[in-house]
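Below is one structure; the comments refer to it alone.
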Amino acid sequence: MSHIFGQTAGESFTLGDQNLLIKECLTFKALEEKIPVEVFEEIKEYNILNHGINFKNTTNLKLNEKQVVFFTKNELYSKNCYFLFHTISIKENNAFVKYYFVYNTNGLKTTIPLIVEFKKNRSTWDIINYSILKNEL
C-alpha cells in the first residue's frame, strides 16, 4: 500500500487540510491536560520529528506565537519534547491521525500516544473522537 503524506493513495487531500490537522493536534486540549505543567511551560516552539510522514511542503506554520519546527532524527538528542506523527489519513470529509508527544523529565522519557478522528466542517476540522493510549514507543 503506498502512502502520500502518511495516507493511502487515492484519498482526497490538500496541504491546507494537512496543516489544519497538524495545528489541531499540536494544540489539542486533552493532550495539554496530560502534559506536566513544568514541561508545558518550557515549550517555546512546537518540535515535530520529520520522520515517517512527508512534511516537505508543510512550512511556515505558527501557533499561539510559537513556531512549528521540523527536525531530523540526527537532531533528536537536542530536543526535550517533540511530536511524532505516525499517520495522517484524509478521506473526503473524514480524517484519522495517530501521533505521539514525547518528553523527557529527570532523564526519563515519557510518550503520550494519541489517536484522533476528525470530521470536516466547511473549512475547519472538528474532533469527533479521540483516544489517549498506553505508552507503546
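Put simply, OG1 on Thr110 and CG on Asn104 are 7.5 Å apart, with the number rounded to the nearest 0.5 Å. Atom CD of Glu45 sits about 5.5 Å away from atom NZ of Lys79, to the nearest 0.5 Å. For the atom pair CZ (Phe71) and NE2 (His51), the distance works out to 11.0 Å, reported to the nearest 0.5 Å. Rounding to the nearest 0.5 angstrom, the gap separating the CD1 atom in Ile128 from the CG atom in Asn94 is 6.0 Å.
Nearest heavy atoms, Ala95 versus Leu21: CB-CD1, 3.7 Å. Nearest heavy atom pair, residue Lys62 against residue Gln67, reads CD-OE1, 4.0 Å. Among all heavy-atom pairs drawn from Ser123 and Leu20, the shortest one is O-CD1, 3.4 Å.
Counting heavy atoms from C-beta outward, Phe83 and Leu26 have side chains that approach closer than 4.5 Å. The shortest distance between side-chain heavy atoms of Ile127 and Glu117 does not fall below 4.5 Å. Between Tyr103 and Pro36, the closest side-chain pair of non-hydrogen atoms falls below 4.5 Å. By the 4.5 Å heavy-atom criterion applied to side chains, Tyr130 and Leu31 are not counted as neighbours.
For the residue pair Asn121/Asp126, the side-chain donor-acceptor check at 3.5 Å is satisfied. Side-chain N/O atoms of Glu75 and Thr72 include a donor and acceptor closer than 3.5 Å.
The cationic atom of Lys98 (NZ for Lys, CZ for Arg) does not lie both less than 6.0 Å from the six-membered ring centre of Phe85 and within 45° of the ring axis.
Heavy-atom contacts from other residues, nucleotides or ligands closer than 6.0 Å to CD of Glu38 number more than 12. For Lys66, the NZ atom is densely surrounded, since the number of other residues' heavy atoms within 6.0 Å is greater than 12.
Between the side chain of Tyr99 and the backbone N or O of Cys25, at least one donor-acceptor pair lies under 3.5 Å. When atom types are taken as modelled, the side chain of Lys23 and the backbone of Leu63 share no donor-acceptor pair closer than 3.5 angstrom.
Checked against the 6.0 Å centroid criterion, the rings of Phe96 and Phe118 do not qualify as a close aromatic pair.
A search for side-chain hydrogen bond (donor to acceptor under 3.5 Å, both in side chains) contacts involving Asn74 returns nothing, not counting sequence neighbours.
In this structure, His86 and Tyr100 have perpendicular ring planes: the angle between them is above 60°, well past the 30° mark.
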Quiz item: For Phe101 and Tyr82, what are the C-alpha separation, side-chain angles and deciding distance, and is it a ring-ring contact (aromatic ring centres under 6.0 Å, His included)?
Solution: CA-CA 6 Å; Phe101 179 72; Tyr82 62 92; 8.0 Å; no
